[in-house]
Number of protein chains: 2
Amino acid sequence: MALLGADVRLTPHRREVFEILASSTDHPTATDIFDRVKARSPGISLATVYNCLEHLTSAGLIKQVHLERGQSRYCANLHEHVHFHCETCGKVIDAHPAAEFDPSKFWNLPKGTKITRMDVAIHGTCEACSAR
Amino acid sequence: MALLGADVRLTPHRREVFEILASSTDHPTATDIFDRVKARSPGISLATVYNCLEHLTSAGLIKQVHLERGQSRYCANLHEHVHFHCETCGKVIDAHPAAEFDPSKFWNLPKGTKITRMDVAIHGTCEACSAR
DNA sequence: TGTAAGCTTAGAATCATTCCAATTCTAATT
DNA sequence: AATTAGAATTGGAATGATTCTAAGCTTACA
């Protein structure tokens with residue numbers, strides 16, 4: 001499987017980790033994924049999960065997300081999006097673009113700076129928590 | 001000292017941590033700050049540095065920044081800005097707004113979502129590294 | 001089928017941070 | 001100035017997340 005230039009050998013474990021992440025919308029952590037993979041592959045080790053996540057990430061099939069300190073989260077949504085993080089319940093949701101967005105229009109970066117990617121984390125209170 | 005609603009008792013250690021951060025533009029980590037404070041207060045412990053950073057953060061005098069996994073960085077720039085992170089040399093620089101920016105205009109957040117803050121991290125290659 | 005390369009494992013090691021219990025300091029009150 | 005309660009500070013232990021290591025296992029293909 002090749003994408004964005006890098007290749008990964010899709011071993012059964014890597015495929016499972018990828019499939020589990022692709023069917024999750026909750027931005028699970030490595031241990032969340034470990035727990036879910038164990039249901040299908042009881043013998044898998046946490047080290048393997050970390051290893052799979054690393055290979056999938058560097059192949060560009062998934063993305064690692066850092067919203068706060070503590071565990072990294074992972075995300076298989078490769079469409080352009082940002083993360084909304086509810087500070088009350090901890091939920092993370094993807095928000096997709098409503099309009100064209102070019103960061104260099106909004107912030108003065110020094111001349112010659114090259115942008116490869118941008119991470120936007122919006123923190124606040126989700127709908128459900130706001131209602132309470 | 002009070003700002004944004006919270007108070008901190010500005011003990012000598014807290015003042016030093018704050019002053020060191022306020023005069024730094026490199027977004028130092030807790031251990032960077034520890035090393036710098038030791039020059040003035042040789043007896044200070046790392047636990048105290050962490051404690052000072054936590055109090056200053058919750059009083060709103062400084063901000064904690066998470067750009068990657070690993071150590072948190074700290075920033076005393078309270079003006080609206082985003083962080084540019086050079087993936088080659090690791091340098092972090094502040095970029096200030098060139099234009100008015102309202103996140104809710106650019107991304108479709110569910111109705112009822114309340115935004116309290118937004119963290120933007122732009123990753124790429126800085127001017128000096130691009131030139132090489 | 002032999003073999004090198006890459007995958008997986010359990011457990012150890014590391015790193016960053018937080019916790020803890022003891023001590024010291026501060027500031028307000030006698 | 002002494003008393004005292006509440007904070008601040010300390011060193012070290014504990015924790016949590018991740019990475020490393022060394023050994024065994026698989027796979028593709030020569």
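A, B, ... follow the sequence lines: proteins, then strands. Residue 1 opens every chain.
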Given atom [atom1] of [X] and atom [atom2] of [N], what is their separation to the nearest angstrom?
{"X": "A:I33", "N": "D:dT18", "atom1": "CD1", "atom2": "P", "result": "10 Å"}
{"X": "B:F34", "N": "D:dG11", "atom1": "CZ", "atom2": "P", "result": "8 Å"}
{"X": "A:L10", "N": "D:dA28", "atom1": "CG", "atom2": "C1'", "result": "16 Å"}
{"X": "B:L53", "N": "D:dA8", "atom1": "CG", "atom2": "P", "result": "14 Å"}

Side-chain donor-acceptor distances from residues 95-103 of chain A under 3.5 Å, at least two apart:
{"residue": "A:H96", "atom": "NE2", "partner": "A:N77", "partner atom": "ND2", "Å": "3.0"}
{"residue": "A:D102", "atom": "OD1", "partner": "A:S104", "partner atom": "N", "Å": "3.0"}
{"residue": "A:D102", "atom": "OD1", "partner": "A:S104", "partner atom": "OG", "Å": "2.8"}
{"residue": "A:D102", "atom": "OD2", "partner": "A:S104", "partner atom": "OG", "Å": "3.3"}

Does a salt bridge link B:D26 with B:R36, judged by any charged N lying under 4.0 Å from a carboxylate O?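 A salt bridge is present here (some side-chain N lies under 4.0 Å from a carboxylate O).
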Going 5' to 3' through nucleotides 4-26 of chain C and flagging B where a protein heavy-atom sits under 4.0 Å of the base, S where only the sugar-phosphate is that close, and - otherwise, we get --SSBBB-----SBBB------S
Taking side-chain contact (heavy atoms from CB on, under 4.5 Å) as the definition, give me every residue that meets it alongside B:T116, ordered by chain and number, with sequence neighbours left out.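 Result, side-chain contact (heavy atoms from CB on, under 4.5 Å) vs B:T116: A:E87, A:H123.
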For A:H83 together with A:H85, are the ring centres under 6.0 Å from each other?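 Here the rings of A:H83 and A:H85 have centres that are no less than 6.0 Å from each other.
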So, do B:T57 and B:Y74 sit near enough that their side-chain heavy atoms are less than 4.5 Å apart?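 A side-chain contact exists here, since the closest heavy-atom pair is under 4.5 Å.
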Verdict with reasoning, B:H55 to B:H13, per side chain to side chain contact (heavy atoms under 4.5 Å, CB included): CA-CA 11 Å; B:H55 280 86; B:H13 283 343; over 6 Å; no
